[in-house]
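Here's the structure we're looking at; comments come further down.
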Amino acid sequence: MPEQEEDLQQIEKKWQKKWEEMGLFKTGFNKDGEKCYVLSMYPYPSGVLHMGHVINYTIGDVIVRYKLLNGFDVLTPMGWDSFGLPAENAAIRTGQHPHDFTEKNIATMTRQMTRAGWGFDWDREVATSHNDYYRWNQWFFLKFYEKGLAEKKTAPVNWCESCMTVLANEQVKDGTCERCGSAVIQKDMSQWFFKMSQYSQRLLDGHDKLRGNWPESVIAMQEEWIGRSEGAKVVFKVKETGDELPIFTTRPDTIFGVTFMSLAPEHPLIEKLIADSPDKEKIMAEVKAMRASGTSAKDLADKEKVGVFTGCHVINPVNGKEAQLWVANFALMSYGTGAVMAVPAHDQRDFEFARKYDIPIKIVIQPEGETLNPDEMTEAYTAPGIMINSAQFDGKVNTESMSDIITWIADSGFGEGTINYRLRDWLISRQRYWGTPIPVIYCPDCGTVPVPESDLPVLLPTDVVFKGDGNPLETSESFVNCTCPKCGAAAKRETDTMDTFVDSSWYFLRFCDPKNTNAPFDKELLNKLMPVDQYIGGIEHATMHLIYARFFTMVLNDLGLIDFDEPFKRLFCQGMVCKTAYRCDNCKWLYIDDVEFENEEAKSKTGGTVGKCKKCGKDGVSAEMTKISKTKLNIVDPDKMFDRVGTDAVRLYMLSDAPPDRMQVWSESGLNGAWRTISRLRLTVDEWLESGNLSGESTVAASTLDQQNNDLLRKTHQCIKAVTEAIEGGFHFNTAIARCNELLNLLRQLMGAKSDIDGRVARVVIETILRILCPIIPHLSEDMWEKLGHNKSIFTSGWPEADEELAKESTIEIPVQINGKVKARINIAPDADIKSMQNIALADSRIKELTDGQNIFKVIAVPGKMVNLVVKG
RNA sequence: GCCGGGGUGGCGGAACGGCAGACGCGAGAGAUUCAAAAUCUCUUAUCCAUUAGGGUGUGCGGGUUCAAAUCCCGCCCCCGGCACCA
């Protein structure tokens, strides 16, 4: 560990100041270069920097610096996602105003982020809780409203009892609140929505542009979330009441097999259907029980299928047959039409339901050469087969007849072919204070009136009370009471605020023009700077932020405000930071210091038992590699790490072990290794400077060198080539670092052997390593670069170029195999032809010996790779 | 169940048709030191011979090929996402 921590921090500060002075991270630094917008997801200002931020912003910063070295004009902004619940909860707890709480946290985190040395253009900083930002949320809302894309409607919504607010579908995980983990209930409420479902198909189509540049998994998650399915809408009629009951099905081929129909418990028609039933009360009680039984994943998964017969029947339009009409707990009001035609023979859910309630099962699809018997079936038959009992479709293969059936249904007036999406409208209302007020006024005479553009922003009032029971905004008289902009009558203001995902749906646009007071941004500036060339963030935003932002961008494009419809050209998702956590059966999670390891090896184990608990003495403490978290007592404080080894060593370690999209394992000893690597590099520079043998020249002709120096020079160019490919091929910084280590090891080995290294070659080697590693260890690279006599920043030195000629080997060693097993090695010219390779291989003494008296059937030679002899005894 | 990503030494990982284990961590031995830390050198997949060499090895079972961790077929396991979606 470093002895000169003071020194390290001085060096870091010195160079951060220098970069600031030279405007390294300002747009226009490489003003003739092609633009490159590198964006790391902005943080919520929690007040504490955690390792997730560190990996995210380190990757972003390395890319920024790499692009700068490659001559790009880089845009690297940063800001704050500063509206949201934690500030408000803190206000309820401590009485501190959310604004003060937020500003304090922003100040703390700015300090931490600056200290980390991440290159952001702070002149472009935005905070979404400032009214010069959120006023434009309101402005966009008005535009959406004009276009009919913002709408207030009463709908069953997700309500979190603990957060006291509604949640968007995307914010409900396994039936619990994504934020606080408590149960989410369904409630009918009148709420504001953005009509995102209208964009389902476009969101899906847009993926074609992103494929190859976005992680496959994120695209897959979005596709799943949007949930397109093709099928048909068919209108059934209720025999008893004459009501029309449309259903959506993806299996119109089974429509002749309908034996009952399921309605969602929330279906609006239920009350009317059972109005005349003698069992009315009883049925309604069961329906209510179904509605009440939770929506949490656990409930759903183990929930048995239950239902109640309404006493009514539906008429199947295709054959006029009657079928019982049931209410069933597995039918969802939120998908399709809330009514499902049930074909128990060919759908597993319907099958289970029919068996339970003794409803007939009718076969309409038969596996080829078999005859299904409804009484003996143990599960639904869902594979392809031959249609039977299906009128004119009998004898056809169901999967091939799908479109014919849909055409027939449409032509006969029974329904139509249709596409259904799982994606629903985006609920943006939140019953909270710390967010953007929705700019709407309710007038007793004029109804819902949008706030005129000229009256924006609608500011958050300060005369509010935070008690924790309901929306604090409602406690502000000055806010709620207003006059109608249309007629001047006394009116009430909307007290719902916007989901904070509205803020993050366009912050990347504001970064292009952060100070604009006349508009959210200037279109021409956006045309120059957008789209984001490289976006970096966590995968947890796959179906929330990344869908909302794409939707928002498409709407702004339709409104003519921007000229592109996909905001993020390339997306990179970093892996989680994990660390071994220890657990004792008695004492639960343990700090590593409370574990008595059974042996040295146990210290590096990432699973199984490792030793004794120091607290209670119990044996069998288990180790587990898991995401860093407070509860598992395996957190790492970035600030402490920076103090101990400096930010560069932390950065180097974060990137050196695994590719950055994989899980990162945090270990103290690994960090020490990174520190050692840096120390060796610094030592090497110092030794050369002290020796006085280092040349001032950094160009050297290979022809003037002896073999050893020539070799060193060649390895240097091979290193440049390999590193460039590793970075361009998907940010494989781990192998890039490994290549530099190899080169440094080689140099130090020669130095140790007191070899006669040419001073010019030494300079080339050292400077190449520094120029390659400077995006990763920027402060110390600059420091060494300066020591080597440079008076301009290393970041103006450009990315080193590999000289293909110099990188070429004069001879290479390749293996000679006999029947696929390596038996000897030979030296050949890298461009030796097959014939000469064969000759050299066959002339090798060891090969001669081994093939003596054998028949050589075949000699395979792959130029530049290997020779294989096929031999039989 | 479906979708995505994985399974390689004690550990993180490299190689992605052509020498398996780069680089780093850990461990062992030695050098230096009064001593420790730091640093440096060597060893480190495994088994047999241990001098030379030989066998076995990339989750499991098959296949293609002169050659497979890599390609194909069939399984198993781990991580992440979705899941009564009609």
Side-chain angles (χ1 to χ4, degrees), chain A residues 1-3 173-174 215-221 223-225 227 229 231 247-251 254 261-262 264 297 300-301 303-305 328-332 334-343 347-350 352-353 420-422 539-540 542-543 575-576 578 580 599-607 625 652-653 656-659 661-674 676-677 679-680 683 722 732 734-742 745 748-749 752 813-822 825 857-862 864-871:
Chain A
M1 283 292 135
E3 303 135 33
K173 291 259 139 83
D174 296 340
E216 205 46 57
S217 56
V218 173
I219 292 178
M221 280 189 230
E223 281 177 344
E224 212 161 59
W225 191 259
S229 50
I247 56 99
F248 171 75
T249 180
T250 55
R251 294 294 307 275
T254 63
M261 181 177 288
S262 314
L300 289 176
K303 199 152 61 175
E304 209 190 314
K305 291 177 181 34
N329 66 338
F330 63 85
L332 306 173
S334 53
Y335 186 78
T337 63
V340 193
M341 72 174 209
V343 186
D347 179 284
Q348 188 57 26
R349 285 161 317 196
D350 297 343
E352 285 169 33
F353 195 86
N420 195 59
Y421 299 90
R422 205 175 73 111
I539 195 149
E540 64 274 16
T543 54
M576 292 187 296
C578 295
T580 316
N599 52 42
E600 283 304 321
E601 217 166 72
K603 287 184 182 170
S604 59
K605 274 168 92 173
T606 56
M625 183 56 71
L652 182 66
Y653 172 58
S656 64
D657 265 13
D661 51 348
R662 274 215 228 172
M663 173 188 90
Q664 301 297 313
V665 173
W666 184 270
S667 80
E668 299 291 306
S669 46
L671 182 62
N672 292 352
R676 264 200 291 275
T677 301
S679 301
R680 268 182 332 138
L683 186 69
H732 291 146
N734 56 330
T735 53
I737 293 165
R739 295 290 88 78
C740 288
N741 260 325
E742 277 173 88
N745 288 348
R748 287 197 64 78
Q749 208 182 339
E813 195 189 69
I814 60 158
V816 180
Q817 303 176 334
I818 294 178
N819 293 335
K821 303 218 183 271
V822 180
R825 288 160 198 290
F857 278 90
K858 210 172 174 183
V859 182
I860 293 143
V862 182
K865 298 278 190 185
M866 47 70 70
V867 177
N868 188 18
L869 311 180
V870 187
V871 167

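Just so we're on the same page: letters track the sequence lines, and every chain starts at 1.
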Syn/anti label of B:rG26 as read from its glycosidic torsion, with the cut at 90° from 0: anti
What distance separates A:Gln664 CD from A:Asn734 CG, expressed to the nearest 0.5 Å? 8.5 Å
Taking any heavy-atom pair under 4.0 Å as a contact, classify A:Ala331: base, sugar-phosphate, or nothing. base
If you look at every strand shown and take non-hydrogen atoms under 4.0 Å, does A:Asp350 touch a base, only sugar-phosphate, or nothing? nothing
Check every strand shown and say whether A:Gly227 touches a base, only sugar-phosphate, or nothing at a heavy-atom separation below 4.0 Å. nothing
Taking any heavy-atom pair under 4.0 Å as a contact, classify A:Glu742: base, sugar-phosphate, or nothing. sugar-phosphate
Under the 3.5 Å rule, do the base of B:rC84 and the side chain of A:Lys305 count as making a donor-acceptor pair? yes
Could you check whether A:Arg676 gets within reach of a base, just the sugar-phosphate, or nothing at all, counting any heavy atom under 4.0 Å? sugar-phosphate
Considering only heavy atoms and no angle criterion, is a donor-acceptor pair shorter than 3.5 Å present between the side chain of A:Glu224 and the base of B:rG81? yes
Across the strands shown, which category fits A:Asn868 at heavy-atom distances under 4.0 angstrom: base, sugar-phosphate, nothing? base
Would you indicate what A:Arg825 reaches in the nucleic acid, counting non-hydrogen atoms under 4.0 angstrom: base, sugar-phosphate, or nothing? base
For A:Gln664, report the nucleic acid contact type (base, sugar-phosphate, nothing); a contact means any heavy atom under 4.0 Å. nothing
Across the strands shown, which category fits A:Met866 at heavy-atom distances under 4.0 angstrom: base, sugar-phosphate, nothing? base
By the 4.0 Å heavy-atom rule, please label A:Thr250 as base, sugar-phosphate, or nothing. sugar-phosphate
Quick one: label A:Pro215 by what it contacts on the DNA or RNA (base, sugar-phosphate, nothing), any heavy atom closer than 4.0 Å. nothing
Of A:Ser334 and A:Ile539, the one whose closest RNA chain B nucleotide lies more 5': A:Ile539
